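Take a look at the structure set out below.
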Amino acid sequence: MLDPKFVRENTDVVREALARRHYPHHFLESFLKADSHWRVTTQELDHLKNERNRMTPNGKPTEDQLLVLKQLAETIKQRQDSVNQAEDAVKNAALFLPNIPDASVVSGETESDNIEIKRVGEPRLFEFQPLAHDELATRRGLIDFEAAVKVTGARFALYRGSGARLERSLINFMLDLHTQRHGYTEILPSVIVNTASLIGTGQLPKFESDLFRITDTDFWLSPTAEVQLTNSARDTIVHEEQLPVRLTAHTSCFRKEAGSYGKDMAGIIRQHQFNKIELVQMVNPTESMTGLHELLGHAEAVLVALGLPYRVVQLCTGDLGFSAGITYDIEVWFPSQGKYREISSCSNFFDFQARRAMIRYREKLTGKVNYLHTINGSGLAVGRTFAAILENFQNEDGSITVPPALVPYLNLEQL
RNA sequence: GGAGAGAUACCCAAGUGGCUGAAGGGGGCGGUUUGCUAAACCGUUAGUAGGGUUAAACCUAGCGAGGGUUCGAAUCCCUCUCUCUCCGCCA
């Protein structure tokens, strides 16, 4: 959420930000309208309440006083109703305003306008036609797609044997790296979250159609552990010395993938349920850009350790997520597709999520309470890492060489 | 799923309609005394959100959350959330 005061006083900045995102500007107009209406109504109400407070005697009121007070109470009641309505309108409008892109983010419309920052690792030259990961996985009996369709449906997977073991090894390997080398505290949260949490990180109210909801409850399947990790600090004030807070978690993530019919239907690139290691940092506002680059490095370290070629791109304004102020995507090389595909998305949200979720810190020097900054990224999407390993380390006979870093976890050198 | 008891400030806790934004204690902070520490004593401890202002002043809200009754609610009524105890069921 943006600071209502800031929006009110810097409409040009916000208007410009929405334009850069190609986001409809009527959201701003409705916010401003609702906001000014709310302010006027609230002031009137506050005046009336002040009058009542001044007039109310300490004991029983006289008949005359009672007459006046009764009338006043009636007026206040009516005003209160309009204030409540106005307040709902403002809150709702505010929740639909996206974050302001950082000044350094380049304007653009689609992912083709994203900026490549760097490439790491050389894509391997194959002397044979490299197979797609789903083909490899099926041939080696690592994933049983037919069984998954039977059990659940399309866009689900059933890992089998050393396939299941590889997925589990990757999870352990990544968690160990982040907790032992990068200073994150491991969290094991529920995968079901409530509405307030999804509003806190910005998935709701705007993106309900991307989410699985559990019928007749206030519960949803979490689309990313960002929701659980960030909201674990919702409505709290931490001491400045406790920052930065670094949390990591492995969870299953659930997405409807509405509107992506036909995209990535084969394999495990785009699933309704997938494993992901999430990295979340809550930091002092002065350190959030440093934190973002560090976090990006933490995610990259996984690919470096596994020996997978990747590149880093910076998202343009049009590709930027609703809550993010600046985002770097890490894309890993897929030989069968001859291109880089997203495997992590690392963002600085500035105080956008902290405001929605009321996550604050107390300044040591002044004792003042401030919103902190939140940063998060995948470290990494496990299924996509699985797929990338299969493709990049495949041999001509269809076997897969296990990256040395994973051998201690897998106890196998070949799949 | 059933029955009961709770939720008040950093913590414990009093408060059953106006004199309460809140007694009392603990803890924290500051001070007096002291060679230092401790003890004792004195003082202080409402933060926060919103409006307002150049900044203040000032105003409003706030006793788990949301409604209701009332001129007036921490206090009465309703709904919900969470915590605890017992029973049932259960990995």
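Since we're looking at a predicted model, the values are computed, not measured. Sequence lines set the chain letters: A, B, ... in the order given, protein chains first and strands last, and positions in each chain run from 1.
Both key distances under 3.5 Å define a Watson-Crick or G-U pair, and stretches of 3 or more such consecutive pairs in RNA chain B run B:1-7 with B:81-87, B:10-12 with B:24-26, B:27-32 with B:40-45, B:48-51 with B:58-61, B:64-68 with B:76-80.
Comparing the same atom, P, in B:rU79 and in B:rC84 gives a spacing of 23 Å after rounding to whole Å. With C1' as the reference atom, B:rA23 and B:rA3 are 35 Å apart, rounded to whole Å. When the C1' atom is compared between B:rU83 and B:rU70, the two are found 32 Å apart, to the nearest whole Å. Rounded to whole Å, the separation between the C1' atoms of B:rC86 and B:rG18 comes to 41 Å. Rounded to whole Å, the separation between the P atoms of B:rU60 and B:rA7 comes to 29 Å. Nucleotides B:rU8 and B:rG2 have their P atoms positioned 26 Å apart, rounded to a whole Å. Rounded to the nearest Å, the gap between the C1' atom of B:rC11 and that of B:rU85 is 23 Å. Taking atom P on both B:rC87 and B:rA14, the two are 27 Å apart, rounded to the nearest angstrom.
No hydrogens or angles considered: a donor-acceptor pair under 3.5 Å links the side chains of A:Glu391 and A:Ser336. For the residue pair A:Thr374/A:Gln353, the side-chain donor-acceptor check at 3.5 Å is satisfied. Between A:Asn50 and A:Arg54, the side chains place a donor N or O and an acceptor N or O closer than 3.5 Å (distance only, hydrogens not considered). A:Ser197 and A:Asn194 share a side-chain donor-acceptor pair at under 3.5 Å.
Note: CG (A:Asp46) to C1' (B:rA61) measures 8 Å, nearest angstrom. Remark: C1' of B:rG51 and NE2 of A:His47 are 10 Å apart, rounded to the nearest angstrom. When the P atom of B:rU60 is taken as reference, atom CH2 of A:Trp38 falls 15 Å away, rounded to whole Å. One can place CG of A:Asp235 at 12 Å from P of B:rA49, the figure rounded to the nearest angstrom. When the P atom of B:rU60 is taken as reference, atom CG of A:Leu72 falls 12 Å away, rounded to whole Å. With rounding to whole Å, A:Arg39 atom CZ is found 13 Å from B:rU53 atom C1'. Rounded to an integer number of Å, the gap from CG of A:Asn370 to P of B:rA49 is 9 Å. Atom P of nucleotide B:rG50 and atom CD of A:Glu9 are separated by 12 Å, given to the nearest angstrom.
Open room surrounds CD on A:Gln71; 12 or fewer heavy atoms of other groups in view lie less than 6.0 Å from it.
For the OP1/OP2 pair of B:rC59 and a distance below 4.0 Å, the side-chain nitrogens and oxygens of A:Gln43 include no atom meeting the criterion. The side chain of A:Asn53 contributes an N or O atom lying less than 4.0 Å from OP1 or OP2 of B:rU60. Taking side-chain N and O atoms only, A:Arg360 has no distance below 4.0 Å to OP1 or OP2 of B:rU48.
The nearest pair of heavy atoms linking A:Leu142 to A:Ser162 is CD2-OG, 3.5 Å.
The pair A:Arg15-A:Asp12 counts as a salt bridge, with a side-chain nitrogen and a carboxylate oxygen less than 4.0 angstrom apart. Here A:Glu74 does not pair with A:Lys70 in a salt bridge; the nearest charged N to carboxylate O distance is not below 4.0 Å. In summary, A:Lys91 and A:Glu87 engage in a salt bridge, as defined by a charged side-chain N under 4.0 Å from a carboxylate O. Salt bridge A:Arg155/A:Glu257: absent, no basic N to carboxylate O contact under 4.0 Å. Using a 4.0 Å cut-off between charged nitrogen and carboxylate oxygen, A:Arg362 and A:Glu241 do not count as a salt-bridge pair.
Within the nucleic acid shown, A:Arg362 comes within 4.0 Å of sugar-phosphate atoms alone, with no base atom in reach, counting heavy atoms only.
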Could you go through nucleotides 73-75 of chain B and list every protein N or O atom that sits under 3.5 Å from one of its N or O atoms, giving the distance for each pair?
none

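For A:Lys77, taking side-chain heavy atoms from C-beta onward, the closest of the listed nucleotides B:rU69, B:rU60, B:rG52 is B:rU69. Among B:rU48, B:rU60, B:rG72, the nucleotide with an atom closest to any side-chain atom of A:Val369 is B:rU48. Distances from the side chain of A:Leu69 to the nucleotides B:rC71, B:rG52, B:rG67 place B:rC71 closest. Listed nucleotides: B:rC71, B:rC59, B:rA61. Nearest to the side chain of A:Asn50: B:rC59. When each of B:rU60, B:rG51, B:rC71 is scored by its nearest atom to the side-chain atoms of A:Lys70, the top-ranked nucleotide is B:rC71.
For A:Ile237 and A:Glu51, each mapped to the nucleotide of RNA chain B holding its nearest heavy atom, the one lying further toward the 5' end belongs to A:Ile237. Between A:Lys5 and A:Arg54, the one whose closest nucleotide on RNA chain B sits nearer the 5' end is A:Lys5.
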